[in-house]
**Q** 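Got a structure for you, questions after.
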Amino acid sequence: MPELPEAETIVRDLRPRLTGATIVDARVRHADILNPPLTPRRLAHGVRGRRISGVSRRGKIVIIELQHDLRLAINLGMSGRVVTSDAARAGEFRHIAVTLALEDGRAILYDDARRFGRLALHTPLSWRVRDASLGLEPLSNEFTAERFRALTRVSAVPIRNWLLDQRRVAGVGNIYANEALFLAGVRPTRRARTLTRAEVGRLREALRNVLVRAIAARGTTFSLYRDASGEEGGFYPALAVYDRAGQPCPRCGSGIKRIVLTNRSAFYCPTCQR
DNA sequence: AACGCGCCCTGTCCGC
DNA sequence: TGCGGACAGGGCGCGT
């Protein structure tokens, strides 16, 4: 997907554009992106006439906050994109699954070629449950080296896979997991519990560093990602290892290796990462 | 019960 | 130009 930096970029774009706007209708073209028990009818009924009170993020989830403490939670999957209709260039968004019409004539478009994304409409209670199922926010003060270490100590999975598990740390996906492991000098295959205290400390710093830099660059466009203005992210050229198999390591010049861990690519420098 | 795997679906790219 | 296979920022449900 869109990982944390891409979701954050979308949220920052949407917030000033949508806060205070009122949704007047919801049209669903692909009902399979609605998270059960949400249906087109329930979505329309739930959002119609409601004012947008804010836009926020939890992990990779974009949250459109509505009057009466309702939350429209948008998980973008691999190819999900949220744009406002005034920003969407004609012809570029050909897989619009949901359209939320606004009172002022604009609309919020949810476009998703692969339809792996999911929309959920949360009450305060159901949101509390969902929120509790997600792990630490890596950019928050709660993401301390001590907590991070306590979580890694009890898992035998390869650290790359560990980083992708949203129940432990929320928002990290395959690109930034690989980039952070490179910056920390840790091989993707290392079992989480074998990381030393120093490595966990470095990995924490690396994660925060790469996420902050990626947000500053407005995210990474690998192929389909666009921000809420319809623009590509600028972080791709800054990637050190992701999608760089065979290319020289930016630190030592060794060839970057690609391996497969649980059916997903991992990239690393065989010299710099141990 | 933690973990790996297959699968969801469409688009793109590469080799033949 | 066409076709098959591999691959793609994710995550759920299943079996072990």
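Source: prediction; values computed, not measured. Lettering of chains follows the sequences in order, A, B, ..., and the numbering in each one begins at 1.
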**Q** Hey, quick one: are A:Ile215 and A:Tyr242 part of the same hydrophobic cluster, counting side-chain heavy atoms closer than 4.5 Å, chains of contacts allowed?
**A** yes
**Q** Hey, which sits more toward the 5' end of DNA chain B by its nearest nucleotide, A:Asn263 or A:Asp165?
**A** A:Asp165
**Q** Quick one: which of B:dG4, B:dC5, C:dG11 gets closest to the side chain of A:Pro158?
**A** B:dG4
**Q** With rounding to the closest Å, how many angstrom separate the P atoms on B:dC9 and C:dC14?
**A** 16 Å
**Q** The side chain of A:Thr262 is closest to which nucleotide in this list: B:dC3, B:dC5, C:dC12?
**A** B:dC5
**Q** Could you give the CE-to-C1' distance, from A:Met78 to B:dT12, as a whole number of Å?
**A** 14 Å
**Q** To the nearest Å, give me how far apart CG (A:Asp243) and P (C:dC7) are.
**A** 12 Å
**Q** Under the 5.5 Å and 30° test, is A:Phe116 stacked on the base of B:dC9?
**A** no
**Q** Return the pairing partner of C:dC12 with a 3.5 Å limit on both distances, Watson-Crick or G-U wobble; otherwise return none.
**A** B:dG6
**Q** Taking only the side-chain nitrogens and oxygens of A:Ser155, find out if one of them lies under 4.0 Å from OP1 or OP2 of B:dC3.
**A** yes
**Q** State whether A:Arg226 and A:Glu232 are salt-bridged, where the test is any N-O pair (Lys NZ or Arg NE/NH1/NH2 against Asp/Glu carboxylate O) under 4.0 Å.
**A** yes
**Q** Reckon A:Pro36 touches a base, only the sugar-phosphate, or nothing at all at heavy-atom distances under 4.0 Å?
**A** nothing
**Q** Please state how far atom CG in A:Leu164 lies from atom P in C:dA8, giving the value in whole angstrom units.
**A** 12 Å
**Q** When you measure from the side chain of A:Arg168, which nucleotide among C:dG11, B:dG6, B:dC3 comes out closest?
**A** B:dC3
**Q** In whole angstroms, how far is the P atom of B:dG4 from the CH2 atom of A:Trp162?
**A** 14 Å
**Q** Atom NE2 of A:His30 and atom C1' of B:dC8: how far apart are they, to the nearest Å?
**A** 14 Å
**Q** What's the CZ-P distance between A:Arg114 and B:dC7, to the nearest Å?
**A** 15 Å
**Q** Does OP1 or OP2 of B:dG11 have a side-chain N or O of A:His95 closer than 4.0 Å?
**A** yes
**Q** What is the separation between atom CZ on A:Arg94 and atom P on B:dG11, rounded to the nearest whole Å?
**A** 8 Å
**Q** So does A:Arg258 get a side-chain nitrogen or oxygen closer than 4.0 Å to the phosphate oxygens (OP1/OP2) of C:dC7?
**A** yes
**Q** Could you tell me whether the phosphate oxygens of B:dC3, OP1 or OP2, come under 4.0 Å of any side-chain nitrogen or oxygen in A:Asn161?
**A** no
**Q** On the ring face of A:Phe182, is A:Arg160 found with NZ or CZ under 6.0 Å from the centre and within 45° of the axis?
**A** no
**Q** Mapping A:Phe267 and A:Gln166 onto DNA chain C by nearest heavy atom, which one lands closer to the 5' end?
**A** A:Phe267
**Q** Quick one: do A:Thr220 and A:Tyr176 satisfy side chain to side chain donor-acceptor pair (under 3.5 Å)? Show the steps, please.
**A** CA-CA 10 Å; A:Thr220 302; A:Tyr176 301 112; 2.6 Å; yes
**Q** Between P on C:dC7 and CG on A:Leu261, what's the gap in Å once rounded to a whole number?
**A** 14 Å
**Q** Can you find a heavy atom in the side chain of A:Arg57 that is under 4.5 Å from one in the side chain of A:Val62?
**A** no
**Q** Are A:Leu70 and A:Ile108 joined in one hydrophobic group, where the rule is that I, L, V, M, F, W and Y side chains link up if heavy atoms are under 4.5 Å apart?
**A** yes
**Q** Is the phosphate of C:dA8 approached by A:Asn174 (side-chain N or O, under 4.0 Å from OP1 or OP2)?
**A** no
**Q** Among the candidates C:dC7, B:dC3, B:dG6, find the nucleotide nearest to the side-chain atoms of A:Ser265.
**A** C:dC7
**Q** Would the base of B:dC9 count as contacting A:Arg115 through its side chain, where contact means a donor and an acceptor less than 3.5 Å apart?
**A** no
